[in-house]
Structure formats: structure tokens, C-alpha cells
Amino acid sequence: MRIDVVTIFPEYLEPLNVSLVGKARARGQLDVRVHDLREWTHDKHNTVDDTPYGGGPGMVMKPEPWGEALDAVIESGAQGEELPVLVVPTPSGRPFTQELAVELSEKPWLVFTPARYEGIDRRVIEEYGDRLDVREVSIGDYVLAGGEAPVLVMVEAVARLLPGVLGNAESHRDDSFAPGAMADLLEGPVYTKPPEWRGRGIPDVLLSGHHGKIARWRRDEAFRRTVHNRPDLIERADPAAFDKKDREI
Ligand SMILES: O=C(OCc1ccccc1)c1cn[nH]c1
């Protein structure tokens, strides 16, 4: 997979050189290219923003630098002529979910356009929306100063799903929100050695070696935690899925 990021703060994307994503890049599973938007400005001050038409607070990112940058990135594509998916982080986007992470992890090429200020001139989204699959995506209901942190979040969520990137291929089968048996439930509690820590032991069932009981206990704990922290997910859950899960245990 190829990932391009166009930003006025390239140094903000340094964390993509370390850990999980860093290793995937070193193994050649991921080709991540970070571009400085200001490379495509031509005035003395490398201007990327201006005042909003119609007035109002803040500044808007100008369309010209984005147009030149995105044309350059798209033209550099040797991805078998496949065009990239354009991912635009914004509070006004559709929610970023595990389901969307899975969908994006199956694409050969993603281009992220993190904005600063009040956002990017709408005409950029329209211009590229005519020829590309453009996704405006929110990582949550809050406003940040820029889209770079959302890009780090989305790239990590996508990269860990690439085959061979996450050590144990099974690990994301039971992820919270992963489609399938545990869909729509939060992860239950986890424990590891030592068997006793500050007078606190381990739930007996986990030491029983009885896999059926362990699976049922984990499902019940996941349910309990979901009711407590995310009752909204319970309404959405499909009771038949629980019955199916019960039969599987
Ligand atoms: O703040 C965010 O992106 C930066 C941004 C982009 C456009 C206009 C204002 C701010 C964001 C919050 N949830 N998901 C994304």
C-alpha cells in the first residue's frame, strides 16, 4: 500500500517512522510519502491561507497550492494507474470506524489531506470529487487545530490490518468493533502474570483451562463493560449474534 500525506507540518508525521508503521515501511509493506504543501506555493511568504468569503472568524486554506500538490502526487502514481482514495480529516466528516479502516486497508493507495485553520476551500473537494473517491472523515466530535493527528490515528488503524503487519494475524479478529461474532461489543478485561499483584488475584475461570467457560466469561464481561460504557452499542447489537456466539462457545 502507498500512502501520501500533504501537510504544512511534515514534522507532525514523524511518528509514522517509528513502531508498527515504521516497521511496515522498513519491510516494504507500506510506502509512506509526506509532502510539504508549501512546496507548491510561489510567493515570498509561501502563503497557504486567506480570509473567508462571507466573513467570519479564522482563515481558509487556499485552493491553488492544494490543486498543484494533489495533481503532482496523483501524477507521480505508479500504482498500476489505479487512482488513490482521497481521505480528508474534518469534524464535518463521516465517522471513522473499524469498518472504514478495514475498507481503506484493502485499497492500494491513500492520499491524506490534513487541513489547518478553518479548513480547505470547498472547491478542492469538488474538483477531486469529480475523478477520485473522496472521503471526508471525522475521528470524533471535537475540533482540533489541524488534521495531522487524525491522519496518525487513521494510518495506524489501517496499517495494523495489513497482512503480516500485526504479528499475530488473529489479534484483530476479536478487536472491539471488528465485524463478526464480537461485533459491537467492547473488549473485556485482560490479565497477565504475576498471578497476584498488590493482593489482587486473577478471576478463577481464567486459570481453569476450560476454554468454553473462558469464552463465555469473556463474552459476558464484554457485554457488562459495553452496557456500562457504551449502552448505545447495545441497542445496535443483534440479539441473534449473541445466540450465534453462544452456540459457537
Ligand atoms: O479537527 C479535526 O480535523 C482538523 C480540521 C479540519 C477541518 C476544519 C477544522 C479542523 C477533526 C476532528 N475530528 N476529526 C477531524
Side-chain angles (χ1 to χ4, degrees), residues 1 3-16 20-21 32-41 46-71 73-74 84-105 107 109-130 132-161 175-178 186 229-230 232-233 236:
M1 175 187 282
I3 292 179
D4 287 83
V5 186
V6 180
T7 169
I8 59 170
F9 288 126
E11 65 277 16
Y12 205 111
L13 282 302
E14 280 299 305
L16 294 182
L20 184 102
V21 175
V32 179
R33 308 179 196 191
V34 179
H35 311 273
D36 185 341
L37 178 65
R38 294 191 198 273
E39 270 179 47
W40 289 280
T41 60
N46 299 114
T47 309
V48 294
D49 65 317
D50 205 333
T51 53
Y53 274 123
M59 301 288 272
V60 174
M61 298 193 93
K62 295 166 58 62
E64 302 98 322
W66 282 105
E68 291 184 32
L70 291 174
D71 286 350
V73 166
I74 291 164
V85 175
L86 207 61
V87 181
V88 184
T90 168
S92 314
R94 290 192 182 157
F96 184 66
T97 60
Q98 191 64 17
E99 186 181 358
L100 179 54
V102 170
E103 182 190 352
L104 294 178
S105 72
K107 304 291 182 185
W109 187 13
L110 305 176
V111 175
F112 289 89
T113 63
R116 290 261 142 184
Y117 309 106
E118 301 310 308
I120 301 172
D121 185 299
R122 187 75 202 155
R123 291 170 291 181
V124 175
I125 306 294
E126 289 166 0
E127 163 76 0
Y128 291 92
D130 288 348
L132 301 181
D133 177 358
V134 177
R135 308 290 181 93
E136 293 184 276
V137 183
S138 166
I139 63 164
D141 293 336
Y142 37 78
V143 182
L144 304 168
E148 284 76 13
V151 171
L152 293 177
V153 165
M154 291 190 268
V155 169
E156 180 166 329
V158 167
R160 69 183 285 275
L161 295 172
D175 275 350
S176 281
F177 311 106
L186 303 178
N229 291 338
R230 288 292 304 275
D232 57 299
L233 293 180
R236 201 173 74 182

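Order of appearance sets the numbers: ligands from 1, and atoms from 1 within every ligand. Keep in mind it's a predicted model, so treat the numbers as computed, not measured.
Looking only at protein heavy atoms, the nearest one to atom 5 (C) of ligand 1 is P91 CD, 3.8 Å. Closest protein heavy atom to atom 6 (C) of ligand 1: P89 O, 3.5 Å. Scanning the protein heavy atoms around atom 8 (C) of ligand 1, the nearest turns out to be E118 O, 3.6 Å. For atom 12 (C) of ligand 1, the closest non-hydrogen atom of the protein is Y142 O, 3.0 Å.
One finds a salt bridge joining R122 and E136 here, because a Lys/Arg side-chain nitrogen approaches an Asp/Glu carboxylate oxygen to under 4.0 Å.
Each of the following atoms of ligand 1 lies closer than 4.0 Å to a heavy atom of L144: 1 (O), 2 (C), 10 (C). Against a heavy-atom cut-off of under 4.0 Å, V143 is close to the following atoms of ligand 1: 1 (O). Atoms of ligand 1 lying under 4.0 Å from any heavy atom of G140, numbered from 1 in the order shown and given with element: 12 (C), 13 (N).
Considering L110, V73, I74 as possible partners of P84, the one that fulfils the side chain to side chain contact (heavy atoms under 4.5 Å, CB included) test is I74.
Of all the heavy atoms in E156 and L20, the pair that sits closest is O-CD2, 4.1 Å. Closest heavy-atom contact between Y128 and G67: OH-O, 2.9 Å. When all heavy atoms are compared, the tightest approach of V137 to P95 is CG1-C, 4.4 Å.
E127 is not listed as a side-chain neighbour of L70, based on a closest heavy-atom distance of 4.5 Å or more.
For the pair I139 and ligand 1, the shortest N or O to N or O distance falls below 3.5 Å.
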